[in-house]
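Below, chain A is the first sequence line, B the second, and so on; all start at residue 1. Just so you know, these numbers come straight off a predicted model, no measurement behind them.
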There are 4 protein chains.
Amino acid sequence: MTRPGRPRSAASHRAILDATIHLLSEVGYPALSIEAVAARAGVGKGTVYRWWSSKAELVVEAVHDAALGMVAEPDTGSLRGDTRELVAGLVALACSPLGRVLEALSAEADRNPQLRETFDSVVLARRQEVATHLLDRARRRGEARSDLDVALVCDLAVATVFHRARMDPGALDGGFVDHLTDLLVAGVSGDPAQHPDRLARSVG
Amino acid sequence: MTRPGRPRSAASHRAILDATIHLLSEVGYPALSIEAVAARAGVGKGTVYRWWSSKAELVVEAVHDAALGMVAEPDTGSLRGDTRELVAGLVALACSPLGRVLEALSAEADRNPQLRETFDSVVLARRQEVATHLLDRARRRGEARSDLDVALVCDLAVATVFHRARMDPGALDGGFVDHLTDLLVAGVSGDPAQHPDRLARSVG
Amino acid sequence: MTRPGRPRSAASHRAILDATIHLLSEVGYPALSIEAVAARAGVGKGTVYRWWSSKAELVVEAVHDAALGMVAEPDTGSLRGDTRELVAGLVALACSPLGRVLEALSAEADRNPQLRETFDSVVLARRQEVATHLLDRARRRGEARSDLDVALVCDLAVATVFHRARMDPGALDGGFVDHLTDLLVAGVSGDPAQHPDRLARSVG
Amino acid sequence: MTRPGRPRSAASHRAILDATIHLLSEVGYPALSIEAVAARAGVGKGTVYRWWSSKAELVVEAVHDAALGMVAEPDTGSLRGDTRELVAGLVALACSPLGRVLEALSAEADRNPQLRETFDSVVLARRQEVATHLLDRARRRGEARSDLDVALVCDLAVATVFHRARMDPGALDGGFVDHLTDLLVAGVSGDPAQHPDRLARSVG
DNA sequence: TCTTAAACGAGACGGTACGTCTTGTCTTTAG
DNA sequence: CTAAAGACAAGACGTACCGTCTCGTTTAAGA
């Protein structure tokens with residue numbers, strides 16, 4: 001027993017999500033208009049409004065849809081190798097068409113919790129998971145400190161890559177990946193005992 | 001010998017810049033409208049358009065005007081102390097009203113080079129200078145590696161602070177400052193010899 | 001031997017025609033929507049469109065359906081009596097629910113020949129027939145001129161009644177019927193010889 | 001001391017009224033859209049809405065504006081001559097572009113009192129005035145009955161002309177004018193004493 | 001003082017996009 | 001094969017601003 005009436009058109013649904021992603025990457029979030037999405041998708045405005053009640057809702061679904069399965073789990077055997085791959089993956093993402101969309105999203109994140117959550121789940125969450133495993137392995141090999149804030153390390157990497165992508169996209173080359181990897185590995189493996197305050201604390 | 005006619009009204013000028021900063025911090029860059037600036041400043045729209053030909057130009061001047069002399073040079077005697085103060089200063093900036101404006105600016109930076117340059121000169125340039133001195137002193141004390149990319153370290157700090165301010169403003173507390181300082185200090189002082197490539201290079 | 005498949009629903013057919021008439025009398029022709037007809041008839045939109053290809057076609061059938069046998073043939077023995085009854089019948093029609101529908105129809109007649117024809121056949125044709133007989137009898141009694149344009153006299157009566165119904169429905173009372181009858185009878189029985197041109201013609 | 005701000009643009013005002021009249025004559029009242037008026041006038045929608053709050057209001061002004069000084073006062077010396085000129089004037093009006101507009105207006109009159117009033121004041125009022133003078137003169141010459149309802153006579157003429165214009169525009173020729181004049185003159189000059197009822201009444 | 005001319009406030013202008021509504025058509029499942 | 005349901009493309013609705021423009025008024029320097 002199904003609902004009567006004409007079912008939702010899969011073609012329209014797809015066309016709208018695609019148009020949204022393309023327009024987002026071209027004009028950014030604030031300049032994205034539902035009218036333009038409908039026109040680009042070859043669809044009536046009503047069809048968009050029927051299924052998504054706001055621009056944010058539409059963007060959220062479009063981004064989730066576009067970002068399915070985009071993080072691989074690196075396991076090269078060394079902290080440096082794994083980190084480099086994670087950073088390289090981030091750079092690849094930031095440089096992809098979806099990257100421009102995500103930049104726009106993060107830019108809007110402080111004004112719309114829905115978008116913040118989307119950026120978080122698409123860019124950060126999976127990477128934190130991956131990074132957690134990565135650091136566990138590293139710790140077992142004695143390559144990493146045990147008092148790390150994984151979320152902070154992830155934010156460090158993500159923020160820096162997206163910041164650079166925004167401020168100087170040309171600089172996102174292999175050298176950048178190397179240097180950032182260096183800093184992260186050093187930070188992650190650095191002996192906290194070097195620090196007098198922490199030394200004092202751990203002694204006391 | 002001055003131009004004939006009524007001179008520019010200093011009061012209007014000030015009122016417009018102030019209104020711009022306030023509105024920027026309230027609604028962000030994309031939603032900032034000249035109409036609203038004019039209304040808030042108690043000024044005709046034409047007066048704004050007479051002196052600034054675009055929203056970007058207006059924002060650039062307003063931000064520069066608001067950001068005069070906001071970075072102190074820390075010198076605590078230790079890398080960790082100096083770093084902590086730098087980070088704390090960044091957090092303070094990001095949490096200030098101007099901080100919200102700058103966030104918005106950095107968000108828009110990938111669409112407008114003029115804004116990128118402004119963010120760069122107001123937030124990054126002076127801090128890179130400060131960080132350079134800070135690291136020089138640290139190196140002289142043997143606390144820092146000698147092969148550091150200062151710009152990258154600065155970007156790391158700035159990007160992370162502003163990223164957190166965007167994604168989770170509540171988390172910008174003392175603990176955050178500590179952890180970020182830890183990571184930066186570890187990264188900056190970390191032994192590059194741990195890296196096989198660099199090891200090979202230093203050996204060869 | 002019947003056609004295969006589900007037969008046309010007589011109930012739907014009736015409900016649609018009735019809904020059409022009621023809505024026509026309420027909102028008029030231009031504001032009549034197939035959607036509203038379907039809703040009022042408790043029927044799917046498609047069912048209406050299946051059987052009538054346009055609003056005009058639907059209205060034409062509905063009006064013909066509603067107007068079956070509505071003109072009686074007066075024969076009171078005098079021109080005045082017959083005329084009064086004809087006019088009274090027109091006023092009754094114009095005041096009836098169907099009258100409002102016909103007004104709307106005549107209003108739209110200049111944009112749609114199909115509607116013109118319907119108005120003509122429902123309102124005018126039968127009345128011209130009646131009026132022809134009426135005037136024949138009058139002429140035989142010496143009450144009417146012999147050079148009358150029957151169609152014009154009919155139009156005069158119909159147009160005036162419907163015009164008044166539109167412009168001032170409250171004025172369609174017995175006095176109005178009297179006065180209009182007066183004018184028509186006078187016009188119909190008036191001596192054409194008063195007219196110099198016609199005088200000249202009849203002399204020559 | 002005048003109002004501050006830019007004054008209303010006379011050109012836009014004119015263009016909007018003209019566009020309204022032209023579109024009315026092309027598509028009729030119900031199909032007239034403010035959007036189309038604005039486009040045709042080369043004007044923003046907002047400018048139309050700023051000065052007229054509804055379609056009806058706009059149409060009312062446009063029609064009044066277009067109808068300034070369109071009724072001449074005939075005085076040929078005879079009832080027939082004056083009547084013929086009045087009828088001919090009506091036919092000319094109904095055949096003019098404004099005529100199509102007025103037809104549309106009268107069609108809508110039963111749904112909108114504002115439009116009724118406009119049709120009345122533009123088409124009827126001035127003609128009733130003229131007809132009153134015309135009949136006064138005729139009565140002084142003994143050409144007309146003294147118990148006439150001038151408004152009814154006017155309605156008769158106006159309704160018939162507009163009815164014909166709607167139902168059969170091609171028939172609005174000189175012959176039509178002649179026949180209608182005949183009937184009107186006969187009706188107006190017909191001896192009411194011929195009528196037994198009235199005779200009885202006047203006797204009693 | 002009087003003249004001059006730019007700067008000013010106000011706000012109308014031509015536009016564009018909004019989100020809502022209704023149109024007639026199309027496409028499904030149920031009967 | 002019809003009926004009902006309802007999704008669809010299209011486009012007008014009236015609103016809200018956009019950035020430009022055109023007014024009458026204000027204001028200070030130069031004559």
Side-chain angles (χ1 to χ4, degrees), chain A residues 1-13 15 31-39 41-55, chain B residues 1-13 31 33-36 38-39 41-51 53-55, chain C residues 3-9 11-12 31-36 38-39 41-51 53-55, chain D residues 1-13 15 31-39 41-51 53-55:
Chain A
M1 191 71 161
T2 60
R3 290 186 32 275
R6 178 179 181 174
R8 177 174 189 175
S9 155
S12 292
H13 192 182
L32 181 78
S33 77
I34 301 283
E35 197 135 35
V37 169
V43 139
K45 266 198 293 181
T47 302
V48 181
Y49 283 109
R50 189 191 314 278
W51 301 107
W52 296 276
S53 63
S54 71
K55 186 162 77 169
Chain B
M1 187 74 158
T2 60
R3 277 158 71 257
R6 178 178 179 175
R8 176 173 189 175
S9 153
S12 293
H13 192 187
S33 74
I34 302 285
E35 191 139 36
V43 139
K45 272 200 288 183
T47 302
V48 182
Y49 283 108
R50 189 189 315 278
W51 300 108
S53 62
S54 71
K55 187 163 77 167
Chain C
R3 276 156 73 255
R6 179 172 177 176
R8 175 173 185 175
S9 154
S12 292
L32 179 79
S33 75
I34 301 287
E35 190 136 39
V43 137
K45 269 198 292 182
T47 304
V48 182
Y49 282 108
R50 187 186 316 280
W51 301 106
S53 64
S54 71
K55 186 163 77 170
Chain D
M1 191 74 163
T2 61
R3 290 188 30 279
R6 178 177 178 173
R8 178 173 189 174
S9 154
S12 293
H13 192 184
L32 180 78
S33 77
I34 301 283
E35 198 136 34
V37 169
V43 140
K45 265 201 292 183
T47 301
V48 181
Y49 283 108
R50 189 190 318 276
W51 300 107
S53 62
S54 71
K55 186 163 76 167

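- The side chain to side chain contact (heavy atoms under 4.5 Å, CB included) search around A:Arg50 returns none, not counting sequence neighbours.
- Computed from C1' positions of five pairs at each end, the angle between the two local axes of the helix from E:dT1-F:dA31 to E:dG31-F:dC1 equals 10°, rounded to 10 degrees.
- Residue C:Ser33 places at least one side-chain N or O closer than 4.0 Å to OP1 or OP2 of E:dT23.
- Nearest heavy-atom pair across A:Ile34 and A:Lys55 is CD1-CA, 4.1 Å.
- Remark: P of E:dT20 and CD1 of A:Ile34 are 10 Å apart, rounded to the nearest angstrom.
- When the side chain to side chain contact (heavy atoms under 4.5 Å, CB included) test is applied to B:Arg8, the partners found at least two apart in sequence or on another chain are B:His13, B:Trp51, B:Trp52.
- Whole-Å rounding puts the C:Tyr49 OH to F:dA4 P distance at 15 Å.
- Taking the side chain to side chain donor-acceptor pair (under 3.5 Å) definition, one finds that C:Lys45 meets it with C:Glu35, sequence neighbours left out.
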For nucleotides 8-14 of chain E, 5' to 3', base contacts (B), sugar-phosphate-only contacts (S) and non-contacts (-) with protein non-hydrogen atoms under 4.0 Å give BBBBBBB

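- For C:Ala41, the side chain to side chain contact (heavy atoms under 4.5 Å, CB included) test picks out C:Ala15, C:Ile16, C:Ala19, C:Val43, with sequence neighbours left out.
- When each of C:Ala36 and A:Leu32 is assigned the nucleotide of DNA chain E bearing its nearest heavy atom, the one mapping closer to the 5' terminus is A:Leu32.
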